[in-house]
J.: 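Sharing a structure below in structure tokens format, with a few things to ask.
For clarity, every value in this text was computed on a predicted model and none was experimentally measured.
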Amino acid sequence: MRVEQKVENVWRSNIAKISSFVRIAEARYFSRIYKKAEKVRHTSAFVIFYLSGKEREVAFVAGKKVGKAVARNRAKRLLRAHFIEVAPKLKSGAYIFVAKAPLLEMSYPARRKLFVEALRKIAVIKES
RNA sequence: UCGGCGCAACAGGUAGUUGCCUGUAGUUUGACUACAGGAGGAAAGUCCGAGCUGCAUGCGGGAGAGGAUCCCACCUAACGGGUGGCCGGAGUAAUCCGAGGGCAAGUGCAACAGAGAGUAGACCGCCUGCUAAAAGGGGUCAGACCCGCAACGACAACGCUAAAGCAUUGUCAUUGAGGUCAGACCCCUUGGCAGGUAAGGGUGAAAGGGUGGUGUAAGAGACCACCGGUGCCUGUGGCAACACGGGCAGCCGGGUAAACCCGAUCCGCAGCAAGAAGCGCAUGGUAAAACUCCCGCAACCGCAUGGCGGUCAAAGCGCUUUGCUUGAGUCUAUUGGUGACAAUAGACCUAGAUAAAUAACUACCCAACGACAGAACUCGGCUUAUCGUUGCGCCUUCUGC
RNA sequence: CUCCCCAUCGCUUAACCGGAUAAAGCAGGGCCCUCCUAAGGCCUAGCUCGAGGUUCGAGUCCUCGUGGGGAGG
């Protein structure tokens, strides 16, 4: 219930909207998704956590291992850019993408292929 | 020209597709549309200085603790920053570098080596005196002995001669030089003892001014000349640091304060996770405070009232709003100044996010995938990281003409 | 974001007020001992986070950087 309330607040304040997905901003909500994630997909460049639900929520994370501030920002932007491409096809629920260091060294086709394949493996892309 | 030095600017661009943040306006108001704007020279490290905000009533002052700075003048809101100079060092030069007060206030430290390491010091050396019955060398003197030599004399023998005499041999005596032995005296060297001496050697990172002379037993600032340095007085130039001189003085008092410390100057402390407001939650009568202390004034409270004592009532948690971007602002021109910078005029508004916005992809340009790298309250600096491109000014050991 | 600490062989610690060839234990390598191993004995390699500065001399003092750690919602 508490989490739902937080989500309401986020909605009301009208911040951080990406392609009809709302950004996740609450630290406790993050750890909740990490623990209860229904599907977790590891790749060489990033990790995906997915928890199904009515709302459409997303977050992009880059830890200190990725690099300095510039590298972390770029990693999150790359993940966000790929996410926007496939966002309309995704099922509703909470997504968290955690970047890893090798992401920055990959070329665009390789990144895109890896991203789409990973989402398809956990079966969250609606077949249309 | 090669090479080098200094200063400044830029930090990929263009087009298309899909997207992000903020503001303004509009609409069918939890959204959408249009327009405008949207990281840096270091945004970094957090090393300094401020603004701003608070810190047990406020204002003012003082002391202590603690910290910082240290040639001079100027610039600046301020600074430990900058500019110009001084001094010292590097370089042919342009130019660059320097935490650059005080160890002739005190206390401490200097391993090893060395005689001695801070009121200096005698290891070698140099010099003086004493010692010697010690050792060696030299000189003088007189003596004893020795053997042969030389000279001269006496005697004897033999030979020659008429004789004087000559020659040879032997013995003795004298003299001379010589050798050996022990002795006396003197000198030198070595040794021992007592001193003198800091010129020289040697040790060390460092040995208590340097060079030459006088002087002395040998030496020494013991004395003298010149040079260096220190202190005091003083002249010229400079705002000053200081520079160039003159005179006097004692003879010279080494290094280390990024050792304790002393002196002068400056600083109250904490930080936007400061602080303020709203809504909600759940407690609570003791917890919470930002270096310590003193004085004065004012306000208020209490009391036993010309005085004495005192001064917080909330702190917390969750969310939202605010602080939050117009400011010691930026650009241009002119003037003043060697310069940092200042003044005047005009123009401009230039990110304010909050899991945190500038992106992804395609094509082309260029030698280049492009360097270092992402605002988080805001400024002024410093330091560190950095692929390159361009412009301006300057130097001349070297390369070429 | 702000404010503080720390750094010595592979690991855990020493090194006094600046004076060494930087020390010890464990771990490593070699040899001895043993039928073999363990234990034990002997020997051995390996370190002051990096760059400057102060000093005659720096692990120690100072500055800058690097890498760790902590506190504040």
J.: Where does B:rG271 fall, syn or anti, if syn means a chi angle no more than 90° from 0?
T.: anti
J.: Using atom CG of A:L103 as one end and atom P of B:rA359 as the other, report the distance to the nearest whole Å.
T.: 16 Å
J.: Rounded to whole angstrom, note down the C1' distance from B:rG66 over to C:rG65.
T.: 28 Å
J.: What is the base-pairing partner of B:rG302, counting Watson-Crick and G-U wobble geometry with both distances under 3.5 Å?
T.: B:rC308
J.: Could you please name the partner base of B:rU107, counting Watson-Crick and G-U wobble pairs only when both distances are under 3.5 Å?
T.: B:rA259
J.: Would you kindly compare A:E85 and A:A59 by the position of their nearest RNA chain B nucleotide and give the one closer to the 5′ end?
T.: A:A59
J.: Are the side chain of A:R41 and the backbone N or O of A:I48 linked by a donor-acceptor pair below 3.5 Å?
T.: no
J.: Mind checking the C1' distance from B:rG219 to B:rG213? Whole angstroms is fine.
T.: 15 Å
J.: Would B:rU350 be called syn or anti, given that syn covers angles within 90° of 0?
T.: syn
J.: To the nearest Å, give me how far apart CZ (A:R72) and C1' (B:rA373) are.
T.: 12 Å
J.: Let me know the distance between OH of A:Y108 and C1' of B:rU17, rounded to the nearest Å.
T.: 11 Å
J.: Just the rounded figure in Å: distance from C1' of B:rC361 to CZ of A:R112.
T.: 10 Å
J.: Give none if B:rG41 has no partner; otherwise give the nucleotide forming a Watson-Crick or G-U wobble pair with it, both distances under 3.5 Å.
T.: none
J.: Given atom NZ of A:K68 and atom P of B:rA385, what is their separation to the nearest angstrom?
T.: 12 Å
J.: Among B:rU362, B:rA373, B:rU18, which nucleotide has an atom closest to any side-chain atom of A:I84?
T.: B:rU18
J.: Locate the shortest heavy-atom distance separating A:R56 from A:K91; write the atom from each residue and the value.
T.: NH1-C, 4.3 Å
J.: With sequence neighbours left out, write down each residue that passes side-chain hydrogen bond (donor to acceptor under 3.5 Å, both in side chains) with A:E38, or none if nothing qualifies.
T.: A:S52
J.: For A:K76, what residues pass the side-chain contact (heavy atoms from CB on, under 4.5 Å) criterion, not counting sequence neighbours?
T.: A:F60, A:A62, A:N73, A:R80
J.: Is there a Watson-Crick or G-U wobble partner for B:rA8 with both distances under 3.5 Å, and which nucleotide is it?
T.: B:rU390
J.: Within less than 4.0 Å of OP1 or OP2 of B:rC361, is there a side-chain N or O belonging to A:R111?
T.: yes
J.: To the nearest Å, how far apart are A:N73 CG and B:rA43 C1'?
T.: 12 Å
J.: Please report the distance separating the C1' of B:rU362 from the corresponding atom of B:rC372, rounded so that it comes out in whole Å.
T.: 28 Å
J.: Using the six-membered ring wherever Trp is involved, compare the ring planes of A:F83 and A:F97 and label them parallel, tilted or perpendicular (cut-offs 30° and 60°).
T.: perpendicular
J.: Judged by each residue's nearest nucleotide on RNA chain B, which is more toward the 5′ side, A:H82 or A:A71?
T.: A:H82
J.: Could you check whether the side chain of A:R77 and the base of B:rG19 have a donor-acceptor pair of N or O atoms closer than 3.5 Å, going by distance alone?
T.: no
J.: Considering only the C1' atoms, how many Å lie between B:rC272 and B:rU53, rounded to the nearest integer?
T.: 8 Å
J.: Mind checking who B:rG23 pairs with, Watson-Crick or G-U wobble, both distances under 3.5 Å?
T.: B:rC35
J.: Do you reckon A:L79 sits in the same ILVMFWY cluster as A:V70, going by side-chain contacts under 4.5 Å, direct or chained?
T.: no
J.: Just label C:rU55 as syn or anti from its O4'-C1'-N9-C4 or O4'-C1'-N1-C2 angle, using within 90° of 0 for syn.
T.: syn
J.: Write down the partner of B:rG237 under the Watson-Crick or G-U wobble criteria, each distance required to be under 3.5 Å.
T.: B:rC242
J.: For C:rC17, does the O4'-C1'-N9-C4 or O4'-C1'-N1-C2 angle fall within 90° of 0, making it syn, or is it anti?
T.: syn
J.: Can you tell me, in whole Å, how much space there is between the P of B:rC75 and that of B:rG60?
T.: 29 Å
J.: Given B:rC20, is OP1 or OP2 found less than 4.0 Å from the side-chain N or O atoms of A:R80?
T.: no
J.: Scan A:K76 against the nucleic acid and name what it touches under 4.0 Å (heavy atoms): base, sugar-phosphate only, or nothing.
T.: nothing
J.: What is the separation between atom CZ on A:F60 and atom P on B:rA359, rounded to the nearest whole Å?
T.: 16 Å
J.: Can you label the angle between the A:Y34 ring and the A:F49 ring as parallel, tilted or perpendicular, going by 30° and 60°?
T.: perpendicular
J.: Could you tell me the separation between the CG atom of A:L104 and the P atom of B:rA359, rounded to a whole number of Å?
T.: 15 Å
J.: Under 3.5 Å for both donor-acceptor distances, Watson-Crick or wobble: does C:rA39 have a partner, and if so which one?
T.: none
J.: Going by a 90° cut-off around 0, is B:rA290 syn or anti?
T.: anti
J.: Using the C1' atom in both, what is the distance from B:rC10 to B:rG40, to the nearest Å?
T.: 13 Å
J.: Going by purine N1 to pyrimidine N3 plus the second Watson-Crick contact, or the G-U wobble pair, all under 3.5 Å, which nucleotide sits opposite C:rG10?
T.: C:rC26
J.: Expressed as a whole number of Å, how far does the P atom of B:rU354 sit from that of B:rG323?
T.: 15 Å
J.: Would A:V40 and A:H42 satisfy side-chain contact (heavy atoms from CB on, under 4.5 Å), going step by step from the backbone distance to the final call?
T.: CA-CA 7 Å; A:V40 178; A:H42 291 269; 3.6 Å; yes
J.: In whole Å, measure the gap between the P atoms of B:rU33 and B:rG318 for me.
T.: 37 Å
